[in-house]
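The structure appears right after this line, and notes come after that.
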Amino acid sequence: MPHKNTSDQILETARDLLASEGLAAVSFDAIARRLGCTKQAVLYWYPSKHNLLAAMFLPWLEAEAETAIQSVSGTTRRDEAVEAFVRAIAGFHFEDLERFRMMYLLPQTLKQSAKASHGAALLDRIHPVTDRMYGALADRLDGNAKDVRQEALAIHSAVLGLLLMFGLADSVRDPLKHNASEMVSALIASLRST
């Protein structure tokens with residue numbers, strides 16, 4: 001097995017910390033301790049927490065997009081594509097709600113100065129990924145290109161909203177009255193064409 005480079009080791013350690021101890025445990029000091037190196041060595045590769053989080057986030061977004069694209073690839077009807085897309089996105093994120101919180105909630109808590117200084121570069125890497133994901137669903141929806149593209153974005157946003165409820169309830173250890181499967185099915189039913 002090839003030796004992992006330092007950058008990969010840092011990311012793997014950050015993901016392990018996230019999985020085992022939660023988002024609060026992901027710090028440069030904790031990563032350095034686990035790797036047996038200095039905090040400065042970690043900062044060399046990832047000079048800010050924003051850089052580290054972005055490096056963790058992008059592969060997850062790519063995996064989410066690939067899951068969504070694969071889910072609709074064999075569909076031919078609108079409702080079939082919508083159901084496959086919603087179930088795939090929901091399943092991907094319910095598999096790891098901590099990862100979901102990291103992907104979709106944490107960026108909202110970053111200081112504005114961090115967002116401004118790194119936002120444009122990150123968006124340049126995010127847009128092609130989301131473009132592919134929304135395009136795959138939009139190709140199976142009915143209507144003009146602009147409308148189906150907006151509909152694909154709205155469907156993804158609706159799934160993320162549902163996941164947000166479960167992600168927040170899970171983080172405070174207060175389960176929702178309805179289970180995830182029921183809520184996903186209800187969302188799909190509401191998105192069916194009339």
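- The CE atom of Met183 sits 12.0 Å away from atom CD1 of Ile188, with the distance rounded to the nearest 0.5 Å.
- With sequence neighbours excluded, the residues that form a side chain to side chain donor-acceptor pair (under 3.5 Å) with Arg87 are Glu83, Ser185.
- Partners of Val148 under the side chain to side chain contact (heavy atoms under 4.5 Å, CB included) rule, at least two apart in sequence or in another chain, are Ala138, Leu141.
- Contact record, Ala90 with Val184: CB-CG2, 3.7 Å, taken as the closest heavy-atom pair.
- Trp45 is not listed as a side-chain neighbour of Leu52, based on a closest heavy-atom distance of 4.5 Å or more.
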### Task
Begin from the C-alpha positions of Phe100 and Glu95 and carry the test side-chain contact (heavy atoms from CB on, under 4.5 Å) through to its verdict.
CA-CA 9 Å; Phe100 170 78; Glu95 177 182 286; over 6 Å; no

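- Residues Ala84 and Thr75 approach most closely at CB-CG2, 4.1 Å, considering heavy atoms.
- No hydrogens or angles considered: nothing links the side chains of Thr13 and Asp16 as a donor-acceptor pair under 3.5 Å.
- Ser181 pairs by the side chain to side chain donor-acceptor pair (under 3.5 Å) definition with nothing, not counting sequence neighbours.
- For the atom pair CD of Gln150 and CG of Asn144, the computed distance is 8.5 Å after rounding to the nearest 0.5 Å.
- Asp96 is linked by a side chain to side chain contact (heavy atoms under 4.5 Å, CB included) to Glu98, Arg99, counting only residues two or more places apart in sequence or in another chain.
- Residue Thr130 holds its OG1 atom at 13.5 Å from CZ of Arg125, rounded to the nearest 0.5 Å.
- Residues Tyr46 and Ser7 have side chains that bring a donor and an acceptor to within less than 3.5 angstrom of each other.
- Taking hydrophobic clusters as Ile, Leu, Val, Met, Phe, Trp and Tyr residues chained together by side-chain heavy-atom distances below 4.5 Å, Phe92 does not share a cluster with Val159.
- A search for salt bridge (charged side-chain N to carboxylate O under 4.0 Å, His left out) contacts involving Arg77 returns Glu80, not counting sequence neighbours.
- Judged as a salt bridge (Lys or Arg N to Asp or Glu O under 4.0 Å), the pairs with a partner in residues 166-180 (not counting sequence neighbours) are, in order, Arg101-Asp170.
- Partners of Glu12 by salt bridge (charged side-chain N to carboxylate O under 4.0 Å, His left out), not counting sequence neighbours, listed by chain and number: Lys4.
- Residues Ser73 and Arg140 share a closest heavy-atom pair of O-NH2, 3.4 Å.
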Which atom pairs, donor and acceptor, lie under 3.5 Å between side-chain atoms of residues 55-67 and protein residues at least two apart or in another chain?
residue: Glu64; atom: OE1; partner: Tyr104; partner atom: OH; Å: 2.6
residue: Glu64; atom: OE2; partner: His93; partner atom: NE2; Å: 3.1
residue: Glu64; atom: OE2; partner: Tyr104; partner atom: OH; Å: 3.4
residue: Glu64; atom: OE2; partner: His156; partner atom: NE2; Å: 2.8
residue: Glu66; atom: OE2; partner: Gln70; partner atom: NE2; Å: 2.8
residue: Thr67; atom: OG1; partner: Ala63; partner atom: O; Å: 2.9

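- Every residue two or more places apart in sequence or in another chain was checked for a salt bridge (charged side-chain N to carboxylate O under 4.0 Å, His left out) with Arg15, and none qualifies.
- The distance from atom CG of Leu137 to atom CD1 of Ile155, rounded to the nearest 0.5 Å, is 5.0 Å.
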Using atom types as modelled, flag every donor-acceptor pair under 3.5 Å from a side chain in residues 21-36 to any protein atom, sequence neighbours excluded.
residue: Glu21; atom: OE2; partner: Arg34; partner atom: NH2; Å: 2.8
residue: Ser27; atom: OG; partner: Ala30; partner atom: N; Å: 3.0

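- By the side chain to side chain donor-acceptor pair (under 3.5 Å) test, Ser71 pairs with no residue at all, sequence neighbours left out.
- Leu97 contributes atom CG, which lies 10.0 Å from atom CG of Leu168 (distance to the nearest 0.5 angstrom).
- Scanning for ring pair (Phe, Tyr, Trp, His ring centres under 6.0 Å) contacts around Phe94 gives Phe166, with sequence neighbours left out.
- Taking CG of Asp139 as the reference point, atom CD1 of Ile69 lies at 10.0 Å (rounded to 0.5 Å).
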